[in-house]
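Could you have a look at this structure, given as structure tokens, before my questions?
In what follows, chains carry the letters A, B, and so on, assigned in the order in which the sequence lines appear, proteins first and then strands, with residues in each chain numbered from 1.
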Amino acid sequence: MIEIAPGGKRPLTLHNPTMPAAGTFGFGGEYGALVPIDRLGAVVTNPVTWTPRKPAKGPRVVPVTGGVLVHTGLANPGMRAVIRQYRAIWAASPAPVIVHVVATGPEDVYRCCEALDREEAISGVELGLHDQATARDIADTLAAAQSATQLPLIVRLPLFSAADLAGTAEQAGAHALTIAAPPRGTVRDPASGELVGGRLYGPWIKALALRAVGQAAVRVKVPVIGSGGIHSRQDARDYIDAAGAAAVQVDAGMWVQPDLIKAVANELGGLDRTRMAGSLSDEWTSEFGQDE
Amino acid sequence: MIEIAPGGKRPLTLHNPTMPAAGTFGFGGEYGALVPIDRLGAVVTNPVTWTPRKPAKGPRVVPVTGGVLVHTGLANPGMRAVIRQYRAIWAASPAPVIVHVVATGPEDVYRCCEALDREEAISGVELGLHDQATARDIADTLAAAQSATQLPLIVRLPLFSAADLAGTAEQAGAHALTIAAPPRGTVRDPASGELVGGRLYGPWIKALALRAVGQAAVRVKVPVIGSGGIHSRQDARDYIDAAGAAAVQVDAGMWVQPDLIKAVANELGGLDRTRMAGSLSDEWTSEFGQDE
Amino acid sequence: MRQTHASIERVTRITADLARVEVATDFAPGSIRPGQYLLVRLRPAWEPYLRERWTPVRFAGGLMLIDRPGDDVLMPGDTVDILGPCGKPFPLRPGAERFLLIVQNTSLTPLIALIEETTGAGKSATVVLEGEAQRYPPGELPREVEILHAPQAWGWLDQVDAIKWADQIIALAPPHRALERYAQLWSTINQLRAPAPAGFALGYFNLPAPCGVGACGACLVPGKHGDICACTDGPALDLAEISF
Amino acid sequence: MRQTHASIERVTRITADLARVEVATDFAPGSIRPGQYLLVRLRPAWEPYLRERWTPVRFAGGLMLIDRPGDDVLMPGDTVDILGPCGKPFPLRPGAERFLLIVQNTSLTPLIALIEETTGAGKSATVVLEGEAQRYPPGELPREVEILHAPQAWGWLDQVDAIKWADQIIALAPPHRALERYAQLWSTINQLRAPAPAGFALGYFNLPAPCGVGACGACLVPGKHGDICACTDGPALDLAEISF
Ligand SMILES: Cc1cc2nc3c(=O)[nH]c(=O)nc-3n(C[C@H](O)[C@H](O)[C@H](O)COP(=O)(O)OP(=O)(O)OC[C@H]3O[C@@H](n4cnc5c(N)ncnc54)[C@H](O)[C@@H]3O)c2cc1C
Ligand SMILES: Cc1cc2nc3c(=O)[nH]c(=O)nc-3n(C[C@H](O)[C@H](O)[C@H](O)COP(=O)(O)OP(=O)(O)OC[C@H]3O[C@@H](n4cnc5c(N)ncnc54)[C@H](O)[C@@H]3O)c2cc1C
Ligand SMILES: Cc1cc2nc3c(=O)[nH]c(=O)nc-3n(C[C@H](O)[C@H](O)[C@H](O)COP(=O)(O)O)c2cc1C
Ligand SMILES: Cc1cc2nc3c(=O)[nH]c(=O)nc-3n(C[C@H](O)[C@H](O)[C@H](O)COP(=O)(O)O)c2cc1C
Ligand code: FES
Ligand code: FES
């Protein structure tokens, strides 16, 4: 059982440390036919912005060796429409619902969180930062969110700066950290010949994200949610046993193998954490693998 | 033809924009039977430290999907022994030799560069920074190197901070930038069950590094050497045509397919750059792929 | 939609670049309607990463027949993992008798089940093949179908009176050009028969489908009344509903 | 060392987890000496990424015979890309007549060529198989070889007088335990026959070889006089030279 914001007004209890990553699972019901959602600790929605956004133009899915680049353009009809459209599904959700809010700016974050605060069916907010987010951006984003809602606030940090910014986010009031958002890259689409920028998914992301989680988890006390490239039960265990995460998010592996998130939930289901959030197992030392 | 440090006392001319990445090609002669070294713009040696270092203990090579993690421990007999051992090979090298110096600290960098400055057969120094290197570390490293040698100084930036630190390195006096060093990650070795930290190699690295090169190349005027995951001639072309690199380094792909670096050198051989170093082709815009 | 396994019974090369794969599955004939597709994982590795789209050509002798690139990946005895059926059947207009199918620079595989069903029901199907599409072996199509060869993008449309006699037009273009091509088609149709009625012209969006369940957002097509999810609401979408 | 291509002529399963692969190559019989190996890329994809080590078992009828995991990756007609020969032959002691070969928890494949050559030359070879190594089919070895089964790591060494009669000991342990195991062996040998002469005990380092040419530094073994490159100076190294 994981507690997020246990001292707050609306604490969130995860009965299983397994959830989907934002952008991979839709808004709640899409995987209903394939995944037993009641076994998940929570459902994290696709990213939502205050103002509506259209799908990206040009190629949006480009396979790479052992993975894929996806560039959605963060298409969504805007927070108000999303709430109207999915309110009933959220109310009926067999797992707590965490809405992923794209941190497009403090005002938008304020408006999104204010709107979500009124929704009984919502259990938490995950704030998605952009890749170049600074300590200042994090503070501004969290201040805006805190002034709008008492919901638990999870901050999703970019892969490349997660270890550096984890402490900053905790100090700014994050109740939990998701490490990490999938990294951005640029590939050439073989079908069209065009360059496409987007997020990268694949099993090899795990090596990068596991390291970032291990580095961040020693620096903070709030729960760290490990995310990136989980493609097996052992991958999920590594985040928790080796890197010190309190929970995990399964991402693109589920697209290829929808069973995966169920297998992970079963694997981690019996697992009551025996350590403080953020503490490390014996295997991890802070210099780990630094010297080549 | 690429000029590095054209105004300096020992300018370096690359007749082909193709070279191997540090750590993949040995100290000069190892690939002699398989690669026509005279077609390469330069040879970059394996990393050298001032003090000798032993091989890493435990698993050092762990396959991942579409790639491999390698953890060498930066084993080398120290700069003085390396110079003694390879001086004759360098003197006979059909391509200019750039020695990769690990920036373990300003004093070590000073000693390494001072020793290399006396070697006629050396044409340049590449300085390898650690992953957490700050602007201050870069300034200190370059100051130490500059006070010890007139050789052209190339700075190899970490993948995760390359775009942010490129301007810093240029201002501190770098004559060229290599972007990027392979990123570090952590994997579980299936044979031993141990966690292993090390550098990751594979074709998918290219998507990450290409983006970093594209972002950095708009910010600096010195030549950028694109490095990371080149596994085809088109990959190499993308660094130059799309991301604005002046030259490329081929890394682990060559282990699997030694022909690769020859193919890249042939592909880029006829290519006189038609743009200023650091300028961009039409395809790249600074917001490229930022918004999902 | 469900997840199941199937076994490869036979692989026959029908052209240099196309193989006919016979698959033993627990999908009943008729349970996958023309237009619907399966997402298939060929082996339990992560390379290739995404599932492959299979649009069944027909069922025969209890086996499902699939056309796929003839690259020797599949062998008899192999087991594949299947998600499906995905998407919606072709939204055919009630009472439509004459279909005009246009395939541009891609394989007409996704339309074959439709062609067989319509001609089998005594309706008429005219297939216009452009560019690469002309490589599909005509012997594999029902004899009743009329096959025309066209030189270039929709250019011929105003030369013929197809738009007048057809009850419904269904177009298939390569995924990375689909939106652009269907925009051209829609504009041409509206010049020749304006306003084209709702449901008259369909575009088949054979887009890469990371999830196939409407979760990942990678296949959204901009719609006049909100974005349309090609993997679940398509693959065949009414061009009148698209915001080009 | 050179790069070349070879074609797979036949694949025969010899146990549940081992296949015998017959390869047509332009390597002449005898050009790859016992102890040397090839680095093989099975197909032009980047998965699996690294080349696979092949230690030829023997040449027969103009074909090179390879044992590899029986996982159906290779089919007759396939072409593979080969780098080799890599590394140095076993540094056998001049005049050595009696060889003790010890294989711990790994396949004895890399030693077979040596066994065949020594027994063929009328010398004696005793093979001690521990753990997993006992799964190798004994029928595949020359009749002259003596095969012993041992329960656990070197524990039996002081029970037998092998160390006294053997002219040379060659050990093979799984790559990720090799250094540790050879350290134990070397210490045991030195207790029983101290000081063991130079070249008396060899350890075979079947390490993953990203490059195979001494360039990547991933296979360095700490040596008493500088680090030793297992891919070019080995795979068989004199335990007396190693700094454990
Ligand atoms: C960059 C890119 C990546 C894609 N990745 C995926 C992906 O990972 N998963 C996914 O589901 N879709 C994917 N698609 C979409 C789609 O499956 C194919 O691109 C589409 O089938 C294109 O086929 P083609 O005839 O143009 O070319 P080719 O793929 O070269 O087809 C060659 C032959 O194979 C046969 N064939 C091809 N596809 C099918 C099919 N779906 N059913 C039956 N026979 C077929 C055809 O008969 C054709 O003659 C991707 C598309 C692009 C542009
Ligand atoms: C994590 C790890 C990664 C490795 N990656 C590579 C790599 O990418 N490239 C590389 O060159 N080496 C690699 N090696 C080293 C080496 O090729 C194998 O590990 C070694 O052969 C181990 O074989 P095994 O009998 O212990 O187990 P298995 O690999 O499970 O062997 C099963 C059967 O296959 C047969 N077999 C296995 N390897 C060979 C062989 N080399 N020649 C003939 N028959 C064989 C054996 O007969 C054995 O009975 C790697 C080792 C480890 C531990
Ligand atoms: C206007 C805008 C700009 C954005 N800029 C960035 C950016 O620069 N870097 C970045 O990583 N994400 C950026 N994002 C995306 C957010 O980080 C978002 O939380 C995240 O991409 C959601 O990821 P997913 O769809 O892959 O799950 C931006 C989003 C918007 C709406
Ligand atoms: C004492 C020491 C500490 C190091 N610490 C780091 C580090 O923290 N991060 C890092 O990326 N590299 C570190 N390095 C490695 C250097 O960055 C080196 O230039 C680089 O790893 C060479 O890479 P290669 O062998 O993969 O080519 C360290 C090296 C030494 C000697
Ligand atoms: S393919 Fe994922 S939403 Fe359509
Ligand atoms: S395998 Fe690269 S140095 Fe030995």
Name the member of C:Pro44, C:Ala218, C:Gly217, C:Pro48 that forms the most heavy-atom pairs with chain A at distances under 4.5 Å.
-> C:Ala218

Gap separating the CZ atom of A:Arg184 from the CZ atom of A:Phe160, nearest 0.5 angstrom | 11.0 Å

Option that, when pairs with chain A are counted at under 4.5 Å, heavy atom only, ranks first among C:Thr232, C:Leu220, C:Leu179, C:Leu83 = C:Leu220

Looking at A:Ala75, A:Gly202, A:Ala252, which one has more heavy-atom pairs under 4.5 Å with chain C than the rest?
-> A:Ala252

Distance-only side-chain donor-acceptor flag, C:Asp81 / C:Gln3, under 3.5 Å | yes

Structural part of A:Ala81 lying under 4.5 Å from a heavy atom of chain C = neither

Residues C:Ser107 and C:Thr109: side-chain donor-acceptor under 3.5 angstrom = yes

Most heavy-atom pairs under 4.5 Å with chain C, out of A:Pro59, A:Pro77, A:Pro20, A:Pro203, belong to A:Pro203

Taking only residues two or more places apart in sequence or in another chain, which ones pass ring-ring contact (aromatic ring centres under 6.0 Å, His included) with C:Tyr37?
-> none

Within a strict 4.5 Å, meaning less than it, do heavy atoms of the A:Val43 and A:Pro96 side chains meet?
-> no

Between C:Asp26 and C:Thr4: side-chain donor-acceptor atoms closer than 3.5 Å = yes

Can you pull the side chain to side chain donor-acceptor pair (under 3.5 Å) pairs that have at least one residue in residues 77-98 of chain A, sequence neighbours excluded?
-> A:Arg87-A:Glu119

Answer with side chain, backbone, both or neither: which region of C:Arg177 has an atom nearer than 4.5 Å to a non-hydrogen atom of chain A?
-> neither

Name all residues meeting the side-chain contact (heavy atoms from CB on, under 4.5 Å) criterion together with A:Lys54; count only those two or more places apart in sequence or in a different chain, and write none if there are none.
-> C:Pro222, C:Asp227

By residue number, those in residues 25-39 of chain A with heavy atoms under 4.5 Å from heavy atoms of chain C are A:Phe25, A:Gly26, A:Glu30, A:Tyr31, A:Ala33, A:Leu34

Apply side-chain hydrogen bond (donor to acceptor under 3.5 Å, both in side chains) to the pair C:Glu9 and C:Ser7, showing each step before the final yes or no.
-> CA-CA 6 Å; C:Glu9 298 295 310; C:Ser7 84; 2.7 Å; yes

